[in-house]
Amino acid sequence: MIPMYAKVIVDITHEKLDKVFEYSIPGELAGVLKVGTEVVVPFGRGNRETKGYIVGFSEIPEYPPEQIKPVLKAQENKRAIETKLIALAAWMKESCGGTMIQALKTVLPIKKRGKLLEERWVCFLLSEEEGRKKLAFYLEKNQKARARLLAGLLDQPKQEYGLITRKLNISPSVIRALEEQGVLKVETQQSFRNPMEYQMKERESVVLSGEQRAAVDRFAEDYGKKRYGVYLLYGVTGSGKTEVYMEMIRHVVEERRQAIVLIPEIALTYQTVLRFYGRFGGRVAILNSRLSEAERSDQIERVERGEVDVMIGPRSALFTPFPNLGLIVIDEEHEAAYKSDQVPRYHARETAVMRGELEGASVVLGSATPSMEAFYRCKTGEYTCLTLKNRAEDKALASVYTVDMREELKKGNRSILSDRLSGMMARRLEDGQQMMLFLNRRGYAGFVSCRSCGYVVKCPHCDVSLSSHRDGRLVCHYCGYEEPMVQICPSCGSPYIGGFKAGTEAIEELVKRRFPQAGVLRMDMDTTRTKHGHEKILSAFANGEADILIGTQMIVKGHDFPNVTLVGVLAADMSLYTDDYRAAEKTFALLTQAAGRAGRGGQKGEVVIQTYSPEHYSIAYAARQDYESFYAEEIRYRELMGYPPCAQLLAVLVTGEEEELLSTAVKYLKEFAKRAGKGRELQIIGPASPFVGKVNDVYRRVIYLKSGKYHILTAMKNYMEQYIEMNKGFQTLRVQFDFNPVNIF
Ligand code: ADP
Ligand code: ZN
Ligand code: ZN
C-alpha cells in the first residue's frame, strides 16, 4: 500500500530539531517521495513555504486528517549528502531505537558559527642541518622537552601552537625559550583552523610487503569494478595495517573521492596523526573530543568547501558529510568504544556498513583481534578477510609465559608479583630497559573466585559469573538468579575464596618497596584526572623518565615505547569473570594487545601473564597468540548459549526513581512483550537488576530479548515503544534499547 502521510522535519541546520510534522501526500507525489527527500511544506500560522526533509511515512495519521496540510513539492536537493545522512538516521532509528530527532542530532552536522579564533603558528626558522646540530645539542644536555619540540619541527616546519602544546606536551615557556634562541617564531593569523599547515615534505615511501600488497590489490580490484564491499584487515600487532589503510585511501582519493578513518580516541596520538599528515598533507582533518564546538564546526566547513580528503577521528567522525565518500576505515574495530553509550546506541561498525551501502563506499575494518562479529561475517561470506600474518620488517612477536598463581600460593608466595615476573623485572632494571605492569581490572565488578584452585562461582543458567552484592548475596545479572555468599570453596574446600581486591596504587607501593632503585609511574583514573594527565605520563615514560609504568587498560593502547622489553599482566582473569557474555573476547583482546606492547623496538620482548586459570581458553590462546583457535572455541559458546553474533540480543533498560513503580512497570512490559511476541522465534529473559542496580538513587532493571532474527527484535522494539508511549505508568520512567550490547549496563 502506498503511504498517505509523510513525516517531515523542518529547518534542520539549526538546533530546532525538536519535532516531526505530519503532511499529506498529494497524488502526483505518491511514489516520488523517499526518506531524505527535500520538500517544501506550508509551515506555521501563515503557511509560510518552508523547506523540510522527509524522515518517514505512515498510513494512519496521528492528527485528524482535515487538519493535515499537504506537501507542496519535492525539491531537487543540491546538497545530496544531507539526504543520504537522513536516510542513515532513519535506519539508525529503526535498528537501534530512540527517536528520529535523536538519530538526526547524531548524524547531521549542527552548525554553530563560532567567531573565528586568532590562530597562532609555530614556524621553524633554521635550515635542516642547523636544526639537526641543535637537536644533538639538546639531547646531549638532556633537555628533553626542547629536543622533542625541535624534532617535531624538523618533521613539520609549521605547526599550530595549540597542537604543539597539546600533542607534543610542550609548555609555552619552552616555545618561548626556542623563540629567543632564534630557532622558531610564533606567527598570528586569522583564518580557519587547520591544525597543521603542511609543506609537502615527501617522506621516504614504504615499500609494501607481499602480504600488504595483496591486501591493497584485492581492495583496489573490487573498487575498480565498483564492487564496494566490507573487508576485514586481520593482521597481528605491528603488521603494518596503517600502511595498508593509507595505500587504500590514496587509491580512493586519486579518484576524487573521500575517506573517513575511525581510530579509538585513546589511540589517536600525535604519532598516528602525523603519519597521515605525512601522506596526505593539508587535506587531512581531525576531530577529537578536545575540540571546541567552534573548532568542530570549522572542520566540517572545510569538508563542505571541499578542502578535505581524509577525516580522522573517533566514532562521531563517521558522520562527516563528504559529498563523495569512497572508503570508511575502522581501526581496532573490536574496541568497545565504537558502540555509542547514548541513544541511539549505534555501533560504528554496523553503521559504517550501512553508510557504505547507501553511498556506494567500501568499508575496511582492521584488527589484530577481530570482534567475534567481524570474523563470523568473514566465515559467512558477508565480509572479505584480508590477512597479514607477519610483523613488518620481520620483527618477531614477543615470547609469552603464563604463571599459575595457584602454584605461587602453594609455594608460599602470597604477593601480587610471581617469582618469575619479579626476577625478570630485576634483570630489566640492571640492563636499563623499560617495562610495563598492566593490571586488568575491567572486571573489578566483584566476581568471587578461589585463590587456591581458581574456581569461580557462576550462574547455573547463564554461564556468566555471579556478582557479590553488598548485602552478602551472589546475583546473576542476566536472569536474576541468586544464592548466598560462599564461605569455603565449593570445589576444593579452601577458605581463600572471595573478591579480588588490589588496585594500581597498592601495586605501585609494592613495586617501590621491592625495587627502591626504580623510577615508577602510575597511570589510572586517579592520576589522569587532569586534562592532559594522560599524555603527560605517557610522554614522561617515552622520554625514559621512569623504568616501570603501572596502569590499567589505558596503558595498553596507542603508544609505541621502543625501549619496553617486558610486559607483566597482573590478574589476567579479572576481566574473565564479569557478568558479561563478551568477557572471554575482551580478555583475549586485552591480553593480546598487552603482549603486542613488548619488543616494538630492536630488542625482542617478553610477556608474563599471571593468572589463576591458565587453562581457560582465552588465556591459553592469548599466551600462544592464536586468535583463530580462540575464535573457534568462543563461537561454539556463543552458538550454544544463543549470544551474538550467532543470535541477536536486545537489552531493554528501564530506570526510575521509584523502585516499586519500576518493578511493576517492567513486569507489565515483559508480559506485553510475551503477548506481542507470541508465535515468533523469541526468548524473553529477566527482569534482572543490572550490575549496578541503583545509581544516584535511580533504580535499574533489564529485560533481555533473544532471537535468531534481527528484524523480530526491531519489530518487538517498535511494539514496546508504542506500549510505553501509551502507558501512563511509564511517564516517570526512562526506557533505553540496546541491540547486541557491547558494554553491560
Ligand atoms: P599496525 O597498524 O598493524 O600495528 P603499523 O602500520 O603501525 O602496524 O606498522 C608498524 C611499524 O612498521 C610502523 O613503524 C610502520 O612504519 C612499519 N612498517 C609497516 N609496513 C612497513 C613496510 N612495508 N616496510 C617498512 N616498514 C613498515
Ligand atoms: Zn543467570
Ligand atoms: Zn577452590
Side-chain angles (χ1 to χ4, degrees), residues 151 155-156 201-220 231-251 259 261-280 284 310 312 314 327-335 337-338 364-371 374-375 385-398 436 538 542 555-565 567 589-605 607 622 625 627:
D155 242 15
Q156 183 52 56
K201 200 175 105 183
E202 269 309 318
R203 65 165 200 156
E204 65 279 28
S205 61
V206 168
V207 180
L208 294 187
S209 70
E211 291 180 321
Q212 289 173 320
R213 189 77 259 161
V216 174
D217 285 350
R218 174 65 205 269
F219 167 86
Y231 303 84
L232 171 65
L233 183 61
Y234 159 47
V236 295
T237 50
S239 57
K241 293 186 285 297
T242 311
E243 297 297 333
V244 172
Y245 304 146
M246 291 199 290
E247 195 56 26
M248 290 170 169
I249 294 168
R250 190 183 60 77
H251 197 83
V261 182
L262 301 187
I263 295 179
E265 182 107 39
I266 198 156
L268 200 56
T269 58
Y270 187 77
Q271 276 175 348
T272 313
V273 168
L274 207 60
R275 284 173 79 180
F276 282 89
Y277 274 113
R279 194 67 179 264
F280 302 103
V284 172
V310 185
I312 303 173
L327 172 62
I328 303 170
V329 172
I330 305 185
D331 190 30
E332 309 284 352
E333 63 83 29
H334 61 277
E335 276 293 316
Y338 284 124
V364 174
L365 312 167
S367 179
T369 52
S371 63
F375 212 69
C385 193
L386 310 171
T387 310
L388 305 179
K389 287 205 159 68
N390 302 299
R391 272 192 165 179
E393 301 177 295
D394 291 328
K395 268 180 205 150
L397 285 167
M436 293 162 93
L538 290 176
I555 65 172
V556 177
K557 305 206 170 104
H559 274 248
D560 244 354
F561 302 109
N563 196 32
V564 169
T565 58
V567 171
L590 265 173
L591 296 182
T592 310
Q593 303 285 348
R597 293 290 106 198
R600 309 276 284 200
Q603 296 155 67
K604 189 167 158 66
V607 180
Q625 308 189 54
Y627 172 81

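Both counts, for ligands and for their atoms, begin at 1 and track the order of listing. The figures that follow rest on heavy atoms only: side chains count, while hydrogens, waters and symmetry mates do not.
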Counting only nitrogen or oxygen atoms and a 3.5 angstrom limit, does Lys241 reach ligand 1? yes
Under 3.5 Å: N/O of Val207 near N/O of ligand 1: yes
Tested for side chain to side chain contact (heavy atoms under 4.5 Å, CB included) against His334, the lone hit among Thr592, Thr369, Leu365 is Thr369
Can a non-hydrogen atom of Arg275 be found less than 4.0 Å from any atom of ligand 1? yes
Sub-4.0 Å heavy-atom contact, Gly235 with ligand 1: no
By number and element, which atoms of ligand 1 are closer than 4.0 Å to a non-hydrogen atom of Ser209? 23 (N)
Of all the atoms in ligand 1, which lie at a distance below 4.0 Å from a heavy atom belonging to Val206? 21 (C), 22 (C), 23 (N), 24 (N), 25 (C)
Where Ala368 and Tyr234 come nearest, the two heavy atoms and their spacing: O-CE1, 3.7 Å
My understanding is that only residues two or more places apart in sequence, or in another chain, count here; which of them pass ring pair (Phe, Tyr, Trp, His ring centres under 6.0 Å) with Tyr231? Phe219
Taking NZ, NE, NH1 and NH2 as the nitrogens, is one of them in Lys241 or Glu332 under 4.0 Å from a carboxylate oxygen of the other? no
For Glu211, the salt bridge (Lys or Arg N to Asp or Glu O under 4.0 Å) test, sequence neighbours excluded, returns none
